[in-house]
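Worksheet: the structure to be examined is printed underneath.
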Amino acid sequence: MATYELNLPLCDKDIENLRIGDTVYLNGPAYTCRSMLHKYVFDEGHELPVNPEKYNALIHTGPIMKQADGKWKVLSFMPTSSIRFEKWGARSVKEWKLKLILGKTTMGEDTMSMMKKMKCVHITPQSVSTNTWIDCIDVDGVHYYDELGSIEATWLFHLSHLGPFVVDIDCEGNNLFDELYKQKAERVKEAYSMIGIPEDMKFTKLY
């Protein structure tokens, strides 16, 4: 496994060598996105409020923010689960010209297929660093604050050595979680055998 310091915005060359399990740190401009921005742009026809030429790194997060002396500051930051946005995943990669998505968990088959086609990667946190990360983030601006509210607004960040994150989907279509699930399945069989639980055991339904 390798470690990379990525400077945003990214080009194809920056991510072609990334493989699942690699560690990355991020520097440069990125923007935030949750459910409401996807809905506002794709379902309701509003404009994406950022320039994809400058911003091609997307963070699935709703940060906690505070304004003081006319400036915004991040109080708490943690990427949220990306699979929640699978409905719009492939469109966001294609139409927003994304090269990198940062979020917890992973993405589905449609998004993975588009990421392979468009040369895009997904990265996920290696640890829970909610407040230790905030010193790595400067706020450059915000869009759709009045329309969507603080959590769902599009925050423009400048990142400085933000990480570590692990590559869980590379631009060749490989998925780290697929490999982990295979390993887990084998270990579960071994554990069941050791303690005498049949492989066809059914979990008890509570309702």
Side-chain angles (χ1 to χ4, degrees), residues 1-35 37-38 42 48 50 52-61 77-129 133 136 157 159 161-192 199:
M1 306 301 177
T3 299
Y4 294 89
E5 196 86 22
L6 298 180
N7 295 313
L8 311 173
L10 299 167
C11 63
D12 290 350
K13 185 178 179 180
D14 294 323
I15 60 174
E16 285 174 344
N17 291 328
L18 296 180
R19 293 294 179 264
I20 55 174
D22 286 346
T23 298
V24 300
Y25 292 84
L26 303 179
N27 301 281
Y31 65 103
T32 71
C33 175
R34 283 170 55 97
S35 299
L37 181 66
H38 287 102
F42 291 132
L48 180 69
V50 301
E53 298 299 322
K54 179 178 180 180
Y55 292 92
N56 61 14
L58 172 69
I59 307 174
H60 288 152
T61 190
F77 166 89
M78 170 55 73
T80 192
S81 181
S82 292
I83 197 65
R84 297 167 50 202
F85 314 117
E86 179 62 17
K87 173 183 176 181
W88 304 284
R91 285 190 68 185
S92 65
V93 170
K94 181 180 180 179
E95 296 181 26
W96 297 352
K97 301 178 181 178
L98 298 176
K99 292 298 175 187
L100 181 143
I101 299 172
L102 165 58
K104 285 193 298 188
T105 66
T106 188
M107 301 292 289
E109 291 295 330
D110 289 344
T111 304
M112 287 177 57
S113 177
M114 186 59 70
M115 292 173 78
K116 183 176 181 179
K117 180 178 180 181
M118 303 299 294
K119 298 284 187 180
C120 178
V121 298
H122 187 278
I123 62 176
T124 194
Q126 288 186 331
S127 59
V128 178
S129 306
W133 276 331
C136 301
F157 289 161
L159 313 177
H161 194 62
L162 183 68
F165 305 105
V166 62
V167 178
D168 64 288
I169 302 175
D170 63 25
C171 60
E172 297 296 324
N174 302 305
N175 189 308
L176 178 63
F177 287 93
D178 288 345
E179 299 302 318
L180 293 176
Y181 292 153
K182 292 176 184 177
Q183 295 175 26
K184 184 194 76 169
E186 292 302 317
R187 296 297 297 273
V188 167
K189 288 182 181 179
E190 293 177 11
Y192 278 11
E199 290 187 16

Closest non-hydrogen atom pair between [X] and [Y], with its separation:
X: H60; Y: L58; answer: NE2-CD2, 3.8 Å
X: A30; Y: L8; answer: CB-CD1, 4.2 Å
X: D168; Y: T105; answer: OD2-O, 3.4 Å
X: H122; Y: S82; answer: NE2-OG, 2.8 Å
X: T124; Y: G103; answer: OG1-O, 3.0 Å

*Quick one: list whatever passes salt bridge (Lys or Arg N to Asp or Glu O under 4.0 Å) with R34, sequence neighbours left out.*
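By the salt bridge (Lys or Arg N to Asp or Glu O under 4.0 Å) rule, R34 matches E152.
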*Which word best sums up how the rings of F165 and W133 line up, parallel for under 30°, tilted for 30 to 60°, or perpendicular for over 60°?*
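Ring orientation, 0 to 90° scale: tilted.
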*Quick one: sort the H38 and W96 rings into parallel, tilted or perpendicular, breaks at 30° and 60°.*
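Rings of H38 and W96: parallel, as their planes differ by under 30°.
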Measuring from atom [atom1] of [X] to atom [atom2] of [Y], what distance do you get when rounded to the nearest 0.5 angstrom?
X: M112; Y: M115; atom1: CE; atom2: CE; answer: 8.0 Å
X: C33; Y: Y55; atom1: SG; atom2: OH; answer: 14.5 Å
X: T3; Y: D22; atom1: OG1; atom2: CG; answer: 7.5 Å

*Assess whether side-chain contact (heavy atoms from CB on, under 4.5 Å) is satisfied between Y4 and V167, documenting all intermediate values.*
CA-CA 10 Å; Y4 294 89; V167 178; over 6 Å; no
[Y] and [X], any side-chain heavy atoms less than 4.5 Å apart:
X: P125; Y: K104; value: yes
X: S35; Y: F85; value: yes
X: Y31; Y: I59; value: no
X: K97; Y: N56; value: no
X: F157; Y: L26; value: no

_Could you walk me through whether E86 and D110 satisfy the side-chain contact (heavy atoms from CB on, under 4.5 Å) test, starting with their C-alpha distance in whole Å, then the side-chain angles of each, then the deciding distance to 0.1 Å, before giving a yes or no?_
CA-CA 8 Å; E86 179 62 17; D110 289 344; 3.6 Å; yes
*Given M107 and M114, is the side-chain contact (heavy atoms from CB on, under 4.5 Å) satisfied, shown in steps?*
CA-CA 11 Å; M107 301 292 289; M114 186 59 70; over 6 Å; no
*Name of the residue among L102, I101, L6 meeting side chain to side chain contact (heavy atoms under 4.5 Å, CB included) with I123*: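 It is L102; the other options fail the test.
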*Go through the steps for F42 and E95 under the test side-chain contact (heavy atoms from CB on, under 4.5 Å), then give the verdict.*
CA-CA 10 Å; F42 291 132; E95 296 181 26; 3.5 Å; yes
Any donor-acceptor pair under 3.5 Å from [X] side chain to [Y] backbone:
X: T61; Y: M78; value: yes
X: N7; Y: N27; value: no
X: S92; Y: G89; value: yes

In residues 11-19, what donor-acceptor pairs under 3.5 Å come from side-chain atoms, sequence neighbours left out?
from	atom 1	to	atom 2	distance (Å)
D12	OD1	K99	NZ	2.5
D14	OD2	C11	N	2.8
R19	NH1	E16	O	2.8

